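One structure below.
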Amino acid sequence: MNTSFLKKRLNYLVIAFIGFGFLSCESSYQDEDKQEITQQVASEFYPNKNVTDGPYIYKGDSTINVKWIEQNKLFEVTIFDNDYSLIEQNFGFALDTANLFQEKKVSIDYKNTFNNVENFIAISDMHGQYFVTIDLLKKYGIIDKDLNWSFGKGYLIVDGDIFDRGDKATEILWLIYKLKNQAEVCGGKVHYLIGNHELMVLNNDLRYVNEKYKLTEKMIATSYDQLFSERTVIGEWLRTSPVILTINDVLFVHAGISPEFIENKFTQQGVNFMFQNRIIGAEDEVIENDPILSFLEGRNGPVWYRGYFLDTTFTEQKLDRILDYFDKERIVVGHTSFDSIVSLYDGKILGIDASIKRGKNGELLIFEKGKFYRGTLNFGKIELK
Ligand code: ZN
């Protein structure tokens, strides 16, 4: 038995016992239990591609149904008797079994406010670029070589837009899901904020979905948004994710807080509630016919606004009013892409979409010992002034 396997196994044990109650580590699952549904679909649509995707995990009343594609073949298995070892063995993460069948909406914290956090790292706009994402997270010690959490009590903020463009969104989603559960065990946290691309996918606007997922749609016989429906593990998690998060004196939002946002006197808690309960999953018509919902979902709302970078009438005075409104010192956004992390208005705005979407490079925002740094892939850590 090699050490990395042992470490992984031990890690799993720790999570099983401390985090989510008892999980048997000995699997009763046999490979023959895996039902292969079809083999011919992939070659019809993508004769030259070798597609692997998933898992997509659907919740029943007390069972879960798992579907995935391995080398152009669709597999499906239903898990009874709480034996989730198949998930760990096949896909390398443990399900959050303590919360799997609980009623979610009751205990949601819409405030999403945290103080006295000593270290955090923020990443944004990964857009399916799994390999750049793991390179960055490894380089700055968020994950170890086996892709397990190694950031202790630190916080990781994913500032939206894991979905669309690239072809490895599913891999990033499950990595972040795994890290969220592992971080909790260590006293750390992972926060995944809703970006415009999360919202688009959940609301069935599929213009930017990578063509690979069209194959997944055909093989599983469902539309892409339904792969993340309320009945799925990832879909349920996304429906409890915030749009606005505050940590210490920093406000995180995918795109930005516009002057119009504060004129409307929206609150952090209220907006998180509105997105989770009234915008995500709502019909277009319902949103269009409600001025509050359509503002929040629209171009001056928190998941689309680009005014800090593109509106020539935006001023520091306007920014100060926004910061005062929230009683914060700075705002961290993704969404508007640059070659590196950018700092505007003496660091009051940090734009952290460093174009990971191109698949070649990217940066993390690092906060430690009271200072902010760009965590670059090739040039190390550079202090932001
Ligand atoms: Zn965006």
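As the structure is a computational prediction, the values presented were derived from the model and not from experiment.
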Between [Y] and [X], is there a salt bridge with N-O shorter than 4.0 Å?
X      : Y      : value
Arg278 : Asp290 : yes
Glu329 : Lys348 : no
Asp346 : Arg330 : no

From CA spacing to verdict: side-chain contact (heavy atoms from CB on, under 4.5 Å), Val303, Glu297: CA-CA 7 Å; Val303 300; Glu297 189 251 14; over 6 Å; no
Qualifying residue, where the test is side chain to side chain contact (heavy atoms under 4.5 Å, CB included) with Ile257 and the options are Phe326, Phe266, Tyr325: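 Testing each of Phe326, Phe266, Tyr325 against Ile257, the sole residue satisfying side chain to side chain contact (heavy atoms under 4.5 Å, CB included) is Phe326.
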Compute whether any side-chain donor of one residue and acceptor of the other, for [X] and [Y], lie under 3.5 angstrom apart.
X      : Y      : answer
Ser337 : Lys357 : yes
Gln268 : Asn112 : no
Thr170 : Tyr56  : yes

Side-chain heavy atoms under 4.5 angstrom apart, residues restricted to Ile, Leu, Val, Met, Phe, Trp, Tyr: same cluster for [X] and [Y]?
X      : Y      : answer
Phe80  : Val233 : no
Ile279 : Leu193 : no
Tyr373 : Tyr155 : no
Phe120 : Tyr140 : no
Leu179 : Ile194 : yes

Heavy-atom donor-acceptor pair, [X] side chain to [Y] backbone, under 3.5 Å:
X      : Y      : result
Glu198 : Gly195 : yes
Gln182 : Trp149 : yes
Lys318 : Thr313 : yes
His127 : Ile162 : no
Glu171 : Tyr130 : no
Thr246 : Leu251 : no
Asn210 : Asp164 : no
Glu118 : Gly154 : no
Lys139 : Leu377 : yes
Asp144 : Asp146 : yes

Tell me the closest heavy-atom pair linking [X] and [Y], and the distance in Å.
X      : Y      : result
Asp83  : Ser85  : OD1-OG, 2.6 Å
Lys214 : Val209 : NZ-O, 4.4 Å
Leu136 : Thr376 : CD2-C, 4.4 Å
Lys360 : Val132 : N-CG2, 4.0 Å
Asn65  : Lys67  : OD1-CE, 3.2 Å
Ile176 : Leu156 : CD1-CD2, 4.4 Å

Residue pair [X] / [Y], side-chain heavy-atom distance below 4.5 Å:
X      : Y      : answer
Asn361 : Asp339 : no
Arg321 : Thr315 : no
Ile57  : Ile234 : no
Phe314 : Leu344 : no
Leu199 : Ile280 : yes
Lys212 : Val51  : yes
Lys168 : Thr133 : no
Asp53  : Tyr213 : yes

If you count heavy atoms of other groups shown closer than 6.0 angstrom to [atom1] of [X], is the number above 12?
X      : atom1 : value
Glu283 : CD    : no
Ile292 : CD1   : no
Asp327 : CG    : no

Using ring centroids (six-membered ring only for Trp), state whether [Y] and [X] fall under 6.0 Å.
X      : Y      : answer
His191 : Phe114 : yes
Trp304 : His335 : yes
Phe163 : Phe228 : yes

From [atom1] ([X]) to [atom2] ([Y]), nearest 0.5 Å:
X      : Y      : atom1 : atom2 : result
Asp249 : Asn115 : CG    : CG    : 9.5 Å
Phe75  : Ile69  : CZ    : CD1   : 10.5 Å
Ser124 : Ile157 : OG    : CD1   : 11.0 Å
Ile123 : Ile172 : CD1   : CD1   : 8.0 Å
Asp96  : Glu184 : CG    : CD    : 8.0 Å
Met126 : Leu175 : CE    : CG    : 7.5 Å

Tyr177 and Phe93 aromatic ring geometry - parallel, tilted or perpendicular at 30°/60° bounds: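 Phe93 and Tyr177: perpendicular rings.
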Candidate pair Glu288 and Asp284, rule side-chain contact (heavy atoms from CB on, under 4.5 Å), full reasoning: CA-CA 6 Å; Glu288 281 159 21; Asp284 289 348; 3.9 Å; yes
Stepwise salt bridge (Lys or Arg N to Asp or Glu O under 4.0 Å) check, Asp125 with Arg358: CA-CA 10 Å; Asp125 295 79; Arg358 291 184 204 143; over 6 Å; no
Residue pair Ile244, Phe261: steps toward the side-chain contact (heavy atoms from CB on, under 4.5 Å) verdict: CA-CA 12 Å; Ile244 303 172; Phe261 181 105; 3.7 Å; yes
Residue pair Asn196, Tyr208: steps toward the side chain to side chain donor-acceptor pair (under 3.5 Å) verdict: CA-CA 11 Å; Asn196 57 311; Tyr208 297 94; over 6 Å; no
Ile64/Tyr84 under side-chain contact (heavy atoms from CB on, under 4.5 Å): CA gap, chis, key distance, verdict: CA-CA 9 Å; Ile64 61 169; Tyr84 305 114; 3.7 Å; yes
Stepwise ring-ring contact (aromatic ring centres under 6.0 Å, His included) test for Trp174 and Phe91: CA-CA 9 Å; Trp174 286 119; Phe91 307 111; 8.0 Å; no
